[in-house]
Amino acid sequence: MMHTSSTAHSAFNSYISSSIQDKERGATLIELLVGLTIGLLTISVGLGAIMVSRGVTTTVSDTTTLQQQASYAFRVIGQQLRQAGGRPLNAAADPRAAATFVQPPGVSLSSSQPIAGLDTPTASQFIISLRYVNASESIYPSPPSSTPIEGYLTRDCLGSNSGIASVPIVFNGLRKNGTDLECSNSTGNVQPIISNLVDLRIRYLQQKLNLADKQPQFRYASAANLHPEWHEVYGIEVCLELEGEQIIDTVGASYTKCDGTTATRGNKLRMVFKNIFHIRNHAWPKPIS
């Protein structure tokens, strides 16, 4: 009986020792390789998602920036284009008579054009120049004051107005300088309006009288074809090509430029914006030939 009990106890101890050794045994090489492979696949998927997310974020950021710049440029340009050729009415004239306009003292309007431009300007020349007669207006201040004061609500492309005494004719000149769209005012100050500019193109909508049926006809014209008939311009098309700042993968995508040709986008976002502005004022006297 004692021998049997000792044998059973020894077998039990051997079983316990074998179980402990099985539990302490490490992972095999195959198991390690499988784990590493799964981990690397997970990291690859995560990195791919991060890169895609970054690319989308970069594209959206560049798109928003370019749209904001184009919107601001069109707002500034459009305000000046709509004022081009403007002359204030003479309020002191007899309302029963034909309308007359204020003539700035010491200034000959017929010696300059309200709209003028160049097709291929140099870096120091303006692609388009705009002029209109400066005018003061009665401005009513906020209560409790009720007495109107004379002031200037009209502003040039740089947001300034020095007054009729120093600036009887408001001037605005636009040009491309490097990647900046610059504007010059009557006092000669030049400041950039927007950046990221690749190309600036302007086309003119000309109205001419058809001698055959005596009806007006519209056509697009270049600056060279308009000179000196600038008074026949009734609309202006402005085209801006802007380029993003971030490097992106466009996968060989192409786009249509301002001049109508097709080009590849390269490794940056490129966007083209167009707008047409109506010229509302046609009271400027024709140049003396």
Side-chain angles (χ1 to χ4, degrees), residues 72-117 126-143 145-175 183-191 193 202 204-207 216 223 226-238 275-289:
Y72 177 72
F74 283 145
R75 185 165 64 250
V76 173
I77 296 172
Q79 182 183 32
Q80 302 308 318
L81 284 174
R82 295 185 184 99
Q83 294 291 334
R87 300 176 61 188
L89 287 170
N90 184 6
D94 188 346
R96 295 168 296 181
T100 58
F101 300 93
V102 173
Q103 173 63 39
V107 176
S108 175
L109 297 182
S110 58
S111 63
S112 61
Q113 296 277 9
I115 300 173
F126 299 111
I127 191 171
I128 188 171
S129 302
L130 309 169
R131 294 176 176 85
Y132 52 89
V133 177
N134 202 356
S136 62
E137 302 175 68
S138 295
I139 301 175
Y140 289 84
S142 302
S145 177
S146 59
T147 304
I149 58 176
E150 286 296 308
Y152 299 92
L153 296 178
T154 303
R155 296 288 185 268
D156 58 32
C157 57
L158 300 183
S160 62
N161 191 326
S162 302
I164 296 177
S166 58
V167 183
I169 304 296
V170 178
F171 170 83
N172 297 275
L174 295 172
R175 69 185 180 195
C183 184
S184 175
N185 64 4
S186 306
T187 58
N189 293 327
V190 180
Q191 292 182 13
I193 299 177
I202 292 180
Y204 304 90
L205 188 61
Q206 181 185 19
Q207 176 182 290
L226 276 169
H227 184 76
E229 307 296 336
W230 290 101
H231 61 277
E232 296 180 348
V233 176
Y234 276 73
I236 294 180
E237 178 189 270
V238 180
N275 208 338
I276 298 178
F277 302 94
H278 176 59
I279 304 300
R280 301 182 297 186
N281 304 301
H282 295 275
W284 202 275
K286 295 182 180 181
I288 299 174
S289 55

As a quick check of understanding, evaluate side-chain contact (heavy atoms from CB on, under 4.5 Å) for Ile169 and Tyr132, giving each step before the final call. CA-CA 6 Å; Ile169 304 296; Tyr132 52 89; over 6 Å; no

How close do [X] and [Y] get, heavy atom to heavy atom, and via which atoms?
X      : Y      : value
Ala84  : Pro114 : CB-O, 4.2 Å
Ile193 : Cys183 : CD1-CB, 3.6 Å
Val102 : Pro104 : O-CD, 3.6 Å
Pro285 : Ser110 : CG-N, 4.0 Å
Glu150 : Ser136 : OE1-OG, 3.0 Å
Pro148 : Tyr140 : CB-CE2, 3.6 Å

State, with a plain yes or no, whether a side-chain heavy atom of [X] is found less than 4.5 Å away from one of [Y].
X      : Y      : value
Phe126 : Asn172 : no
Phe171 : Asn185 : no
Leu109 : Val133 : yes
Pro168 : Asn134 : no
Leu174 : Ile202 : no
Thr187 : Ser162 : yes
Ile236 : Ile77  : no

Enter the distance from [X]:[atom1] to [Y]:[atom2] here, rounded to the nearest 0.5 Å.
X      : Y      : atom1 : atom2 : answer
Ser184 : Asp156 : OG    : CG    : 9.0 Å
Ser129 : Gln80  : OG    : CD    : 12.5 Å
Leu153 : Glu137 : CG    : CD    : 4.5 Å

From Val76, Ile128, Ile115, residue fulfilling side-chain contact (heavy atoms from CB on, under 4.5 Å) relative to Leu81: Ile128

Can you name the residues that form a side chain to side chain contact (heavy atoms under 4.5 Å, CB included) with [X], not counting sequence neighbours?
X      : value
Gln206 : Lys208, Arg219, Ala221, Leu226, Glu229, Glu232
Gln113 : Ala116, Trp230, Pro287
Asn275 : Phe74, Phe277
Thr100 : Asn90, Ala93

Arg87: which residues meet the salt bridge (Lys or Arg N to Asp or Glu O under 4.0 Å) condition with it, sequence neighbours left out? none

Listed partners of Glu237 passing salt bridge (Lys or Arg N to Asp or Glu O under 4.0 Å), at least two apart: Arg203

